[in-house]
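Quick notes on the structure that follows.
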Amino acid sequence: MNRIFALLLVLVVFSACSPYQKALKSEDVGLKFDVATKMYEKGKYTKAIRLFEQIAPAYRGKPQAEKMFYMYSKSFYATKQYYSAGYQFESFASSYPKSEKIEEASFLGAKSYSFLSPRYSLDQVDTYKAIDKLQSFIDNYPNSQYMAEANALAKGMREKLEKKAFEIAKQYNTIMDYPSALVAFDNFIADFPGTPYKEEALFYRLDSAYKLAVNSIQSKMQERLTIAKVAYNNLIKFKADTKYKAQADEMLAKIDTDLKQNTK
């Protein structure tokens, strides 16, 4: 028992006297910088951040500031603190536009925002921000070694927005708000003309138009039936052998029958 206690005491004393602990308590910013650099190089990023936080205000404008703020930014990135990483990389790029690290910092800053993008069903403010940052990088560094990854990330962000827009339109159909569904599907098809969801979007647009028409008051029925028939034609024009053909044909038969009745 005494041996265990003695060992623990030695460990506590050693820890208290470690260079890192000394640096934390020291007023010497040079010592803090040196120890923080060593922590960074050893991959001990959390410890490096604690020291960088202490000296960051004092280092602005100093010769070693560029190196310090680069390591500070990378430490946040390495520890997946992407809000802080994005902010620090942006600050670095703004403060040191001639740095040899400017391209990497600009890319990692934009990439940090992409990690903040949530799943498509949630609010997409951070997704829009990530797209803006990535597009800015793509525009500013067209020959970058990071271009392929930047384009892939931007594509992934846009696909998430596309998925969300489609699901919102589909939800209107599900809750039987057919006027809103028609507007949402029209906007979706206009905003994402090459979408892989186009067949499905055209079908649910037809479904919304059809259900709105057949449940309309008499004075509005003919106009809405005509709109539904156009929706059917748009679906078949896009894909004649659509997987929704049987359902669509059944709707068309009802539309034609009701149109004849309303023109008598």
Side-chain angles (χ1 to χ4, degrees), residues 40 45-46 48-49 52-53 56-57 59-61 65-172 180-181 183-198 200-201:
Y40 173 84
Y45 300 112
T46 300
I49 288 170
F52 287 139
E53 285 174 339
Y59 258 76
R60 294 190 184 280
E66 180 183 331
K67 179 181 178 181
M68 193 220 75
F69 283 107
Y70 172 76
M71 292 189 293
Y72 192 25
S73 303
K74 285 288 291 283
S75 295
F76 279 123
Y77 184 84
T79 52
K80 300 182 180 181
Q81 298 181 65
Y82 295 121
Y83 274 113
S84 295
Y87 173 80
Q88 290 298 335
F89 278 124
E90 281 191 312
S91 178
F92 177 88
S94 176
S95 300
Y96 307 102
K98 296 182 179 179
S99 171
E100 64 177 18
K101 302 290 188 180
I102 183 71
E103 182 181 324
E104 180 192 4
S106 297
F107 172 67
L108 291 179
K111 187 176 181 180
S112 294
Y113 286 107
S114 75
F115 284 119
L116 299 172
S117 172
R119 63 180 183 273
Y120 78 87
S121 59
L122 300 178
D123 186 276
Q124 296 299 304
V125 170
D126 286 323
T127 303
Y128 283 107
K129 186 180 292 186
I131 290 172
D132 287 343
K133 302 299 181 184
L134 287 163
Q135 190 59 55
S136 178
F137 174 80
I138 290 167
D139 293 341
N140 290 330
Y141 301 95
N143 300 313
S144 173
Q145 61 178 311
Y146 305 110
M147 183 56 65
E149 187 176 359
N151 278 319
L153 288 169
K155 182 175 181 288
M157 297 295 101
R158 293 189 183 98
E159 287 174 348
K160 191 177 294 187
L161 296 180
E162 180 180 334
K163 174 70 170 174
K164 184 175 182 68
F166 173 72
E167 292 297 337
I168 288 173
K170 192 174 176 182
Q171 183 65 23
Y172 283 128
S180 295
V183 172
F185 278 119
D186 282 343
N187 290 338
F188 174 76
I189 292 167
D191 292 341
F192 305 99
T195 177
Y197 303 111
K198 189 166 184 178
E200 195 172 355

**Q.** Backbone N/O of F69 and side chain of S73: donor-acceptor pair under 3.5 Å
**A.** yes
Q. Can you list the steps and then say if F52 with S75 is a side-chain contact (heavy atoms from CB on, under 4.5 Å)?
A. CA-CA 10 Å; F52 287 139; S75 295; 4.0 Å; yes
(Q) Is it the case that the side chains of Y128 and D123 hold a donor-acceptor pair, with the cut-off being a distance below 3.5 Å and no angle test? (A) no
Q. Taking E103 for the side chain and K101 for the main chain, is one N or O donor matched with an acceptor at less than 3.5 Å?
A. no
Q) Roughly how far, to the nearest 0.5 Å, is OG of S117 from CD1 of I131? A) 7.5 Å
Q | Intermediate values then yes/no, side-chain contact (heavy atoms from CB on, under 4.5 Å), D191 and E162 | A | CA-CA 9 Å; D191 292 341; E162 180 180 334; over 6 Å; no
Q.
Does either side chain, that of Q124 or that of T127, offer a donor lying less than 3.5 Å from an acceptor on the other one?
A. yes
(Q) Which heavy atom of K164 sits nearest to which heavy atom of S121, and what is that distance? (A) NZ-O, 3.3 Å
Pairs under 3.5 angstrom only: tabulate donor-acceptor contacts from the side chains of residues 145-153 to other protein residues two or more places apart or in another chain.
from, atom 1, to, atom 2, distance (Å)
E149, OE2, K111, NZ, 2.6
N151, ND2, M147, O, 3.3

Q: Indicate yes or no for a side-chain donor-acceptor contact from Q88 to the backbone of Y70 under 3.5 Å, with no hydrogens or angles considered.
A: no
**Q.** Residues E200, K170: salt bridge by 4.0 Å N-O rule
**A.** yes
Q.
For I102, is there any backbone N or O sitting under 3.5 Å from a side-chain donor or acceptor partner on S106?
A. yes
Q | Point-to-point distance, once rounded to the nearest 0.5 Å, from CZ of F192 to CZ of R158 | A | 10.0 Å
(Q) Do the side chains of K163 and E167 get close enough for a salt bridge, i.e. N-O under 4.0 angstrom? (A) yes
Q: State whether a side-chain donor-acceptor pair under 3.5 Å links E90 with Y113.
A: yes
